[in-house]
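In this text, all values refer to a predicted model and were calculated from it rather than measured experimentally.
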Amino acid sequence: MAVDFSGSWKLYEQENAEEFLRAVSAPEIYIKMMNEVKPLTTIRQNGDEFSICVKTPLRTNTNTFTIGAESEFSTMDGQKIKATSRLIDGKIVIESEKLTLVREIRGEEMIETFSAGSATLIRRSRRV
């Protein structure tokens, strides 16, 4: 694998958070929190195995998965979903029935693009 996602990443900018969270029926407290909180994401990568921990003041959420295998993921609001992760052009693509997440490194940034129906959330983080 050419891209190394390992490290800690601090969110500094996001677009369309409220629209996206409403589209996935997130609780109102999470919608309000997303506008105020800048989560810290820590990624541990060992070949095709990943552990991704997202910390906010309300919750710490860790998901582990292997590229190419279906896994159970916990969303930030505590829902459990089944999704399959793939590596496409150096990007981690996680797809479930209702949601797609594409995580990629561009220069010094990690860009996360969440899609559900016509709603899209884009989050930009920097390595810390």
(request) Kindly determine whether Leu121 and Gln14 satisfy side-chain contact (heavy atoms from CB on, under 4.5 Å), including the steps that lead there. (result) CA-CA 7 Å; Leu121 164 62; Gln14 60 187 354; 4.2 Å; yes

Do [X] and [Y] come within less than 4.5 Å of each other through their side chains, counting heavy atoms only?
X: Ile52; Y: Thr41; result: yes
X: Ser8; Y: Arg126; result: no
X: Trp9; Y: Leu40; result: no
X: Phe73; Y: Ile94; result: yes
X: Arg22; Y: Ile31; result: yes
X: Thr60; Y: Cys53; result: yes
X: Met110; Y: Ile43; result: yes

Would you compute the distance between atom [atom1] of [X] and atom [atom2] of [Y] and round it to the nearest 0.5 angstrom?
X: Ile122; Y: Glu13; atom1: CD1; atom2: CD; result: 9.5 Å
X: Ser51; Y: Asn63; atom1: OG; atom2: CG; result: 8.5 Å
X: Thr75; Y: Asn61; atom1: OG1; atom2: CG; result: 7.0 Å
X: Ser96; Y: Glu70; atom1: OG; atom2: CD; result: 10.0 Å
X: Thr62; Y: Lys55; atom1: OG1; atom2: NZ; result: 8.0 Å
X: Ile111; Y: Ile105; atom1: CD1; atom2: CD1; result: 8.5 Å

(message) Can you tell me which residue among Lys91, Arg106, Arg103 is in a salt bridge (charged side-chain N to carboxylate O under 4.0 Å, His left out) with Glu112?
(response)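 Among Lys91, Arg106, Arg103, the one meeting salt bridge (charged side-chain N to carboxylate O under 4.0 Å, His left out) with Glu112 is Arg103.
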
(request) Pick out which of Ile67, Ile88, Leu87 makes a side chain to side chain contact (heavy atoms under 4.5 Å, CB included) with Val93. (result)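 Passing option: Ile88.
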
(request) Tell me, with the steps shown, if Ser71 and Thr66 meet side-chain contact (heavy atoms from CB on, under 4.5 Å). (result) CA-CA 8 Å; Ser71 301; Thr66 301; 5.8 Å; no

Decide whether [X] and [Y] are clustered together by the hydrophobic rule: side chain heavy atoms of Ile, Leu, Val, Met, Phe, Trp, Tyr closer than 4.5 Å, transitively.
X: Leu11; Y: Val37; result: no
X: Phe50; Y: Ile81; result: yes
X: Leu101; Y: Val54; result: yes

(request) Determine whether more than 12 heavy atoms belonging to other residues, nucleotides or ligands lie under 6.0 Å from atom CZ of Arg127. (result)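 Yes, CZ of Arg127 has more than 12 neighbouring heavy atoms, counting only those of other groups under 6.0 Å.
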
Is the shortest distance from a Lys or Arg side-chain nitrogen in [X] or [Y] to a carboxylate oxygen in the other one below 4.0 Å?
X: Arg124; Y: Glu108; answer: no
X: Glu28; Y: Lys32; answer: no
X: Arg86; Y: Glu95; answer: yes

(message) Looking at every non-hydrogen atom in both residues, tell me the closest pair between Phe65 and Ser85 and how far apart they are.
(response)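 Distance-wise, the nearest heavy atoms are CD1-OG, 3.3 Å.
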
(request) Determine the minimum heavy-atom distance between Ala23 and Ala116, stating which atoms define it. (result)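 Answer, listing the atom of Ala23 first, then Ala116: CB-O, 4.4 Å.
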
(message) Can a side-chain donor-acceptor contact be found between Lys10 and Ser125 if the only test is distance below 3.5 angstrom?
(response)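 On atom types as modelled, these side chains do not qualify, holding no pair under 3.5 Å.
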
(request) Check the pair Gln45 / Asp4 against side-chain contact (heavy atoms from CB on, under 4.5 Å), numbers first and verdict last. (result) CA-CA 7 Å; Gln45 177 180 350; Asp4 185 7; 3.4 Å; yes

(request) Fit a plane to each ring of Phe114 and Phe20, take the angle between them on a 0 to 90° scale, and name the class: parallel (under 30°), tilted (30 to 60°) or perpendicular (over 60°). (result)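 Aromatic pair Phe114/Phe20 classed tilted.
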
(request) Please step through side-chain contact (heavy atoms from CB on, under 4.5 Å) for the pair Ser74 and Arg59, ending with a clear verdict. (result) CA-CA 11 Å; Ser74 293; Arg59 182 176 163 97; 4.1 Å; yes

